[in-house]
Amino acid sequence: MFAIFAVTCFVAYLGYRLRSLTRSGALLTVVTGTVIGFSFGWFGLYLLGVFFSTSSLASKYRSHDKKGVDEIVEKTGARDAMQVLANGGVGILCALGYQLTNDPVYLYMYVVSIAAATSDTWGSEFGVLSKQKPRFMFTFKRVEPGTSGAVSTFGTVMSMFGALLIVISSLVFIDLKVTHLLLLWVIGLTGSIIDTLLGATFQRTFRCTVCGKLTEQKIHHDVPTTYVSGWHFLGNDAVNFLSVCGATLICFLVFG
Ligand SMILES: [Zn+2]
């Protein structure tokens, strides 16, 4: 058990030094990793590690080509505590459920929560690099890359690969029938679908009074932005959390 705690601390420290995590993000990574590791053992940490390492690489991949996106999305650069909780918080709940009941459904739910988070992150980190501008859900109009609720073909394909990687990676530790594997993959993907739907509907958006751009940021060009639409409490972290929650809940209903 001490080894799990030590490895988690080391990874969080590494993430902090490599600027993938802020100080608060590193602290929350230790909490998340420890709880998940204590409940699911090395399998839990391993899966979290696949998500964490591939997502950090995806963020850093061609980061100079994502400068325009930095103007639109709410948070850029190192992940803070709320971002870690948005993606790993549901995993903590699954870990507690498994600890209390020993029901394998919580193990499946954990795999889905990580698959959903990975699919989301890969979809947005790679999707913004698409040569074609993404289309907004419902209207199908082309919008600026990074706009929540918009999808590109490349981003969609990458989010499918992200979820698939997690489900296949879990085979190293757990036995899955092919039907279960495919189910977990599809359920993981519902996470990024919910993310896009919420992004297109209820996520808050603002407009910059200086450059006129739509953005998720409360301050743009050093000036407070004006509210355009969406629920005030529903920022990017809340949308991510609800998407992972939604997918995990579907898993509970299917396998429970
Ligand atoms: Zn501006």
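Heads up: numbering here begins at 1 and tracks the sequence. Whatever order the structure lists them in is the order used to number ligands and atoms, beginning at 1.
- Near-neighbour remark for the Zn ion (ligand 1): protein N, O or S atoms under 2.8 Å are Cys208 SG, Cys211 SG, His220 ND1, His221 ND1; waters not counted.
- With salt bridges taken as basic N to acidic carboxylate O contacts below 4.0 Å, one links Lys133 and Glu144.
- One finds the CG atom of Asn236 at 11.0 Å from the CD atom of Gln217 (value rounded to the nearest 0.5 Å).
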Exercise for review: Determine, stepwise, if the pair Trp42 / Tyr46 fulfils ring pair (Phe, Tyr, Trp, His ring centres under 6.0 Å).
Suggested key: CA-CA 6 Å; Trp42 290 109; Tyr46 154 79; over 10 Å; no
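- Of the options Leu184, Leu182, Ile114, a side-chain contact (heavy atoms from CB on, under 4.5 Å) to Val167 is made by Leu184 and by none of the others.
- At least one donor-acceptor pair closer than 3.5 Å links the side chain of Thr225 to the backbone N or O of Lys218.
- The side-chain hydrogen bond (donor to acceptor under 3.5 Å, both in side chains) contacts involving residues 76-100 comprise Ser39-Gln99, Ser59-Arg79, Lys75-Asp80, where partners must be two or more places apart or lie in separate chains.
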